[in-house]
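Scope of the values below: all heavy atoms of this structure, side chains included, with no hydrogens, waters or symmetry mates.
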Amino acid sequence: MVDPFVVVAVSPRTINVKNPGDGVANVKRINEFIDTAVMVGTWEGSPVKLVVLPEMAIQGMIANTPGNREKERHFAVTIPGPETDELAKKAVELNTYIAAELYMVKDEDFPDRHFNVAFIIDPQGEIIYKRYKATSDAYEGGMLGNMNPHDVWDEWIEKKGNGNPMDAIFPVAKTEIGNIGYAICHEGVYPEVARGLAMNGAEIIIRGTLIEPAVQNGMWELQNRAHAMFNSAYVVAPNLGPEVREDGSMQDLFGGQSMIVGPRGQILTKQQGWTSGDSFVCTTIDIEALRRARVSNGLYNQFKDLRTEQYRVIYDNPIYPKNQYLDAPPSEGWLAREDSTRAANIEKLIERGVLTPPSGYKA
């Protein structure tokens, strides 16, 4: 039995790190605000059992490092590490789960590669979950030193999922408060990652961060509501607060609008407008009610109706090539390679008839 509990989604100001250790200072500042957010969250009438941070909350927008291995190593951190240790202290103190993300992370199984990693800490201070970002946009994939598991696919499935792709790519933390998965930033632009988490049991899907103009034009809200409705899941979507610049001025690249969405796509709570500081949203969720709806033989339980064989043929022909960096990590000039890969994919889709080019189109 899971009693109703409060979820707090924190939207902290963005302070970019200059050195790896700067992230610890960011965590300490965020932890102070978490105290306030959790205190207010308890006014809902139920205990706070889950606190969520968005992508880039800890390290900020790390400076561009296009294939610069030295800079990548300079910024890369570990999980566990000093940043997660500080969050773990707060999880124990508040007796809550804390979910967050680190932008450039080392991995012992792939010592010369770096990844974008979400993680969850339990109320005992233990890291119980890590998930590596599986789909990146052209900016992160081309300008920053991060890779996706798909880039080292064969080794990844063997080492991270014991040969099980679902657990390697779409892991879910099975906890006493429900089953939780984290979709990182741009992954929420696509339906597949949220569906993968849901099909691996996720009842709460965290979707952290999306940059403008996708917030002001409504894409952020649309995506979050769609993921919740199509997957019969709660979606907890914290976005970043404004960036604090070195001269003390602020710029808002993300647009706020953190929200928590119910399993039928209804917005349960949402941050309205722009804020100049740390902020949060919170609401009570009911996992038992969700579970009753999911096992009912009703119209809104889509899982029972999935005819998976006919959906599988959609993806029979690969588009983005796997194992691009299986033999060696990205090097100087890999931005051009990333762009050429995406350009080649467009031509591939035109040849297959998926895309029809406009008149006058030239490759």
Side-chain angles (χ1 to χ4, degrees), residues 50 52 55 79 97 99 101 105 107-110 113 115-120 122 126-136 141 146-208 223-224 226-236 263 287 290-291 294-295 301-326:
L50 178 62
V52 176
E55 182 200 44
I79 299 177
Y97 290 85
E101 174 271 359
V105 178
D107 185 276
E108 60 184 12
D109 288 329
F110 299 89
R113 322 295 168 92
F115 301 88
N116 185 332
V117 184
F119 59 92
I120 298 174
D122 70 12
E126 298 296 325
I127 296 171
I128 61 167
Y129 176 85
K130 288 197 295 183
R131 182 175 173 271
Y132 294 66
K133 191 172 185 178
T135 302
S136 297
N146 284 334
M147 294 175 50
N148 299 137
H150 191 252
D151 295 326
V152 286
W153 177 261
D154 292 341
E155 285 189 30
W156 192 270
I157 301 305
E158 178 185 350
K159 293 178 178 179
K160 298 297 187 181
N162 294 320
N164 183 339
M166 284 294 287
D167 288 338
I169 307 299
F170 307 110
V172 171
K174 307 294 178 69
T175 79
E176 62 189 15
I177 63 169
N179 304 330
I180 310 169
Y182 199 128
I184 305 172
C185 190
H186 190 72
E187 291 187 313
V189 172
Y190 309 93
E192 288 84 3
V193 172
R195 174 51 60 91
L197 293 171
M199 291 302 289
N200 211 8
E203 299 162 322
I204 301 170
I205 298 173
I206 300 164
R207 191 277 174 95
Q223 292 162 12
N224 294 333
H227 291 318
M229 183 182 69
F230 289 138
N231 294 298
S232 298
Y234 287 100
V235 168
V236 182
I287 293 296
L290 171 65
R291 290 175 175 176
R294 279 182 156 198
V295 300
N301 175 10
Q302 298 99 331
F303 296 109
K304 69 184 189 309
D305 301 321
L306 293 175
R307 301 175 185 241
T308 54
E309 292 85 358
Q310 67 182 3
Y311 304 143
R312 186 173 294 115
V313 301
I314 297 170
Y315 300 118
D316 272 349
N317 292 321
I319 299 172
Y320 197 101
K322 65 181 180 180
N323 290 327
Q324 284 207 102
Y325 303 108
L326 188 62

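At least one donor-acceptor pair under 3.5 Å links the side chain of Arg113 to the backbone N or O of Tyr325. Side-chain atoms of Asn179 do not come within 3.5 Å of backbone N or O of Lys174 as any donor-acceptor pair.
The side-chain hydrogen bond (donor to acceptor under 3.5 Å, both in side chains) check on Glu126 picks up nothing, with sequence neighbours excluded. For Asp167, the side-chain hydrogen bond (donor to acceptor under 3.5 Å, both in side chains) test picks out Asn164, Asn200, with sequence neighbours left out. Residues passing the side-chain hydrogen bond (donor to acceptor under 3.5 Å, both in side chains) test with Tyr132, sequence neighbours excluded: Asp107. Partners of Asp122 according to the salt bridge (charged side-chain N to carboxylate O under 4.0 Å, His left out) rule, which considers only residues two or more places apart in sequence or in another chain, do not exist here. Annotation: side-chain hydrogen bond (donor to acceptor under 3.5 Å, both in side chains) contacts of Thr175 (sequence neighbours excluded): none. The salt bridge (charged side-chain N to carboxylate O under 4.0 Å, His left out) search around Lys159 returns Glu155, not counting sequence neighbours.
Remark: Ile120 CD1 to Leu50 CG distance equals 7.5 Å, nearest 0.5 Å. Going from atom NZ of Lys130 over to atom CZ of Phe115 covers 10.5 Å, rounded to the nearest 0.5 Å. We find the NZ-CG distance between Lys133 and Asn148 to be 8.0 Å, quoted to the nearest 0.5 Å. The distance from atom CG of Leu197 to atom CD of Glu187, rounded to the nearest 0.5 Å, is 8.0 Å. A distance of 8.0 Å separates CD1 of Ile79 from CD of Glu101, quoted to the nearest 0.5 Å. The CG atom of Asp151 sits 10.5 Å away from atom CZ of Phe110, with the distance rounded to the nearest 0.5 Å.
Each of His227, Glu55, Gln223 was evaluated against Arg207; a single residue qualifies, Gln223, per the side chain to side chain donor-acceptor pair (under 3.5 Å) test.
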### Task
Kindly indicate, with the supporting measurements, whether the criterion side chain to side chain contact (heavy atoms under 4.5 Å, CB included) is fulfilled by Leu306 and Met199.
CA-CA 11 Å; Leu306 293 175; Met199 291 302 289; 3.8 Å; yes
### Worked check of side chain to side chain contact (heavy atoms under 4.5 Å, CB included) between Leu290 and Ile204
CA-CA 10 Å; Leu290 171 65; Ile204 301 170; over 6 Å; no
### Query
Can you check salt bridge (Lys or Arg N to Asp or Glu O under 4.0 Å) on Glu203 and Arg291, steps first, answer last?
CA-CA 8 Å; Glu203 299 162 322; Arg291 290 175 175 176; 2.7 Å; yes
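Across all their heavy atoms, Ala168 and Ile157 have their closest contact at CB-CD1, 3.8 Å. Counting all heavy atoms, side chain and backbone alike, Tyr97 lies closest to Ile128 at CE2-CD1, 3.7 Å. Smallest separation of non-hydrogen atoms from Ile205 and Ala233: CD1-CB, 4.0 Å. Nearest heavy atom pair, residue Ile184 against residue Ala118, reads CD1-N, 3.7 Å. Nearest heavy-atom pair, Tyr234 versus Pro263, reported as atom, atom and distance to 0.1 Å: CE2-CD, 3.6 Å. The heavy-atom pair separating Ile169 from Ala134 by the smallest distance is CG2-CB, 3.9 Å.
Counting heavy atoms from C-beta outward, Phe303 and Ser232 have side chains that approach closer than 4.5 Å. Looking at heavy atoms from C-beta onward, Tyr182 lies out of side-chain contact with Ile180 at the 4.5 angstrom threshold. For the pair His186/Asn116, no side-chain contact is recorded, criterion being any heavy-atom separation below 4.5 Å from C-beta on. Looking at heavy atoms from C-beta onward, Met147 lies out of side-chain contact with Gln324 at the 4.5 angstrom threshold.
Atom CD of Glu108 has 12 or fewer neighbouring heavy atoms from other residues, nucleotides or ligands inside a 6.0 Å radius. In this structure, Glu158 places its CD atom where only 12 or fewer heavy-atom neighbours from other residues, nucleotides or ligands lie under 6.0 Å away.
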